[in-house]
Amino acid sequence: MSEGIVLVTGGSGFVATHCIDQLLRAGYSVRATVRSLSREPEVRATLKSIGAPRVESGLGALSFVTADLSSDAGWAQAASGCRYVLHVASPFPPHVPKHEDELIIPAREGALRVLRAARDAGVQRVVMTSSFAAIGYGHKSRTAAFTEADWTNLAAPGTAAYPKSKTIAERAAWDFIAREGGSLQLSVINPTGIFGPVLSADYAPSILIVKRLLDGDIPGIPNLSFGVVDVRDVADIHLRAMTHPAANGERFLALSDGESSMLEVAGILKEKMGRIARNVPSRRVPDWVIRLLTPFSSDMKMIAPEIGKTKIISNEKARRLLGWSPRPREEAILATAESLQRLNLLKA
């Protein structure tokens with residue numbers, strides 16, 4: 001028996017594909033939004049390759065509709081008849097945009113389009129994928145753990161466009177629910193860096209950390225730390241937040257067992273991945289070199305404000321309220337590397 005229809009936005013994306021897989025396995029019917037229906041065969045094939053059930057086009061368990069975060073067109077049709085919505089789609093550039101509004105406007109307006117369509121369609125609950133970027137940026141160094149009570153400080157100098165876009169979009173979503181959401185419920189997931197099994201060439205930007213290390217594109221290791229979470233656990237926490245009564249009106253940080261430094265990630269790869277890790281560097285780049293290169297490199301601009309900072313991040317709330325139990329971070333890192341190798345996405 002079907003558990004109902006779940007709308008998944010950005011259906012061809014890395015996190016969304018894993019969400020669709022777990023929804024289908026749990027007995028739900030899934031309607032996925034894509035910007036072009038030309039992506040449909042590729043997504044079906046990817047899901048079939050990992051054993052997702054009921055993905056054939058004639059079965060009716062998985063369907064696709066065209067909808068874009070930048071336009072109102074298609075969203076009413078997409079949400080019609082759905083019980084839940086997983087709003088996973090959000091812009092994330094590989095490089096710093098020329099103007100921050102290139103990220104902020106589509107993230108905020110896209111979230112509001114999805115919420116309006118869900119409210120008007122009588123959807124029970126939306127689970128929105130936000131980010132740790134909406135929680136832990138723009139703060140001075142601190143020893144207290146970051147929790148769901150924290151918000152990124154938009155007034156801090158040097159706060160990058162991506163953290164701004166995630167913070168503004170999430171605040172807009174909560175404001176919408178408070179002012180005009182009606183009976184619509186909202187839960188928000190705030191993942192740290194997402195790693196784990198890559199299914200295609202469409203993957204999260206955080207995967208590039210492992211790929212660039214293995215490809216030898218990074219000559220030295222910057223003094224950079226970040227939270228790690230496996231994409232399979234990100235999908236799992238979305239499904240838990242979708243149905244758990246205690247999740248309504250709550251945010252949930254999603255990360256594994258503490259922060260990893262980039263040096264630790266490099267060490268895991270060199271120790272466990274054998275010959276394919278031969279180009280992974282082992283020496284650290286001094287902080288002053290990163291700052292010196294910042295005016296000349298968009299990649300350096302993105303990471304420079306976080307150089308030398310360590311953050312303690314708590315996943316206690318998700319564990320306690322949702323019974324969520326994520327994989328160890330080493331498993332997520334190795335699954336990333338193994339899948340990149342398996343799909344021939346690494347340099348020869």
Side-chain angles (χ1 to χ4, degrees), residues 6 8-26 28 30 32 34 39 41-55 62 86 88-90 92 94 127 129 131-132 189 191-215 226-240 254-258 260 262 264-277 280 315 318 324-347:
V6 181
V8 179
T9 69
S12 62
F14 180 51
V15 174
T17 307
H18 278 277
C19 286
I20 293 169
D21 174 39
Q22 292 191 22
L23 286 165
L24 291 171
R25 293 177 193 271
Y28 292 95
V30 177
V34 286
R39 300 297 303 273
E42 172 193 339
V43 179
R44 288 190 189 275
T46 297
L47 287 162
K48 189 172 183 179
S49 73
I50 59 171
R54 304 177 298 136
V55 298
L62 175 62
L86 302 187
V88 185
S90 182
F92 191 131
V127 180
T129 314
S131 172
F132 177 70
I189 308 301
T192 55
I194 302 174
F195 297 85
V198 171
L199 305 179
S200 70
D202 194 341
Y203 46 72
S206 45
I207 297 294
L208 286 172
I209 293 172
V210 173
K211 176 171 165 51
R212 287 173 177 168
L213 285 170
L214 292 172
D215 284 343
F226 43 85
V228 170
V229 65
D230 192 291
V231 65
R232 294 165 290 186
D233 296 320
V234 175
D236 177 51
I237 197 173
H238 276 75
L239 268 66
R240 290 172 185 267
L255 76 154
S256 185
D257 46 353
S260 294
M262 203 155 171
E264 288 171 336
V265 172
I268 290 169
L269 295 173
K270 289 182 80 68
E271 179 185 354
K272 302 287 188 179
M273 291 307 299
R275 187 176 178 277
I276 72 162
V280 175
N315 64 9
W324 184 65
S325 183
R327 292 165 175 79
R329 56 189 168 179
E330 180 172 317
E331 185 176 338
I333 296 298
L334 293 176
T336 307
E338 289 161 359
S339 61
L340 288 170
Q341 181 185 32
R342 185 170 59 252
L343 295 176
N344 297 313
L345 293 173
L346 298 172
K347 291 180 180 178

Query - Ion pair check, D215 and K347, cut-off under 4.0 Å - result: no
Which residues share a salt bridge (charged side-chain N to carboxylate O under 4.0 Å, His left out) with [X], sequence neighbours left out:
X    : answer
K48  : none
R25  : D21
R240 : D236

Applying side chain to side chain contact (heavy atoms under 4.5 Å, CB included), name anything that partners [X], two or more places apart in sequence or on another chain.
X    : result
A337 : V210, L214, L269, M273
T192 : F132, V229, L255, I313
V231 : F14, V15, H18, I194, P197
P41  : none

Query - Inter- and intrachain pairs under salt bridge (charged side-chain N to carboxylate O under 4.0 Å, His left out), touching residues 193-207, at least two apart - result: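 Salt bridge (charged side-chain N to carboxylate O under 4.0 Å, His left out) check on residues 193-207 returns R39-D202.
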**Report entry** Those residues that, when tested against Y203, pass ring pair (Phe, Tyr, Trp, His ring centres under 6.0 Å) (two or more places apart)
**Finding:** none
Report task. Apply side chain to side chain donor-acceptor pair (under 3.5 Å) to T129 and list each qualifying residue two or more places apart in sequence or on a separate chain. Result ->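 Side chain to side chain donor-acceptor pair (under 3.5 Å) check on T129 returns H238.
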Look at the side chain of [X] and the backbone N and O of [Y], then say whether any donor-acceptor pair between them is shorter than 3.5 Å.
X    : Y    : value
N315 : A254 : no
T9   : A89  : yes
R44  : V55  : yes

Query raised in the report: Can you tell which of S206, P326, P328, S260 makes a side-chain contact (heavy atoms from CB on, under 4.5 Å) with V228?
Result: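 Looking at S206, P326, P328, S260, the match for V228 under the side-chain contact (heavy atoms from CB on, under 4.5 Å) is S260.
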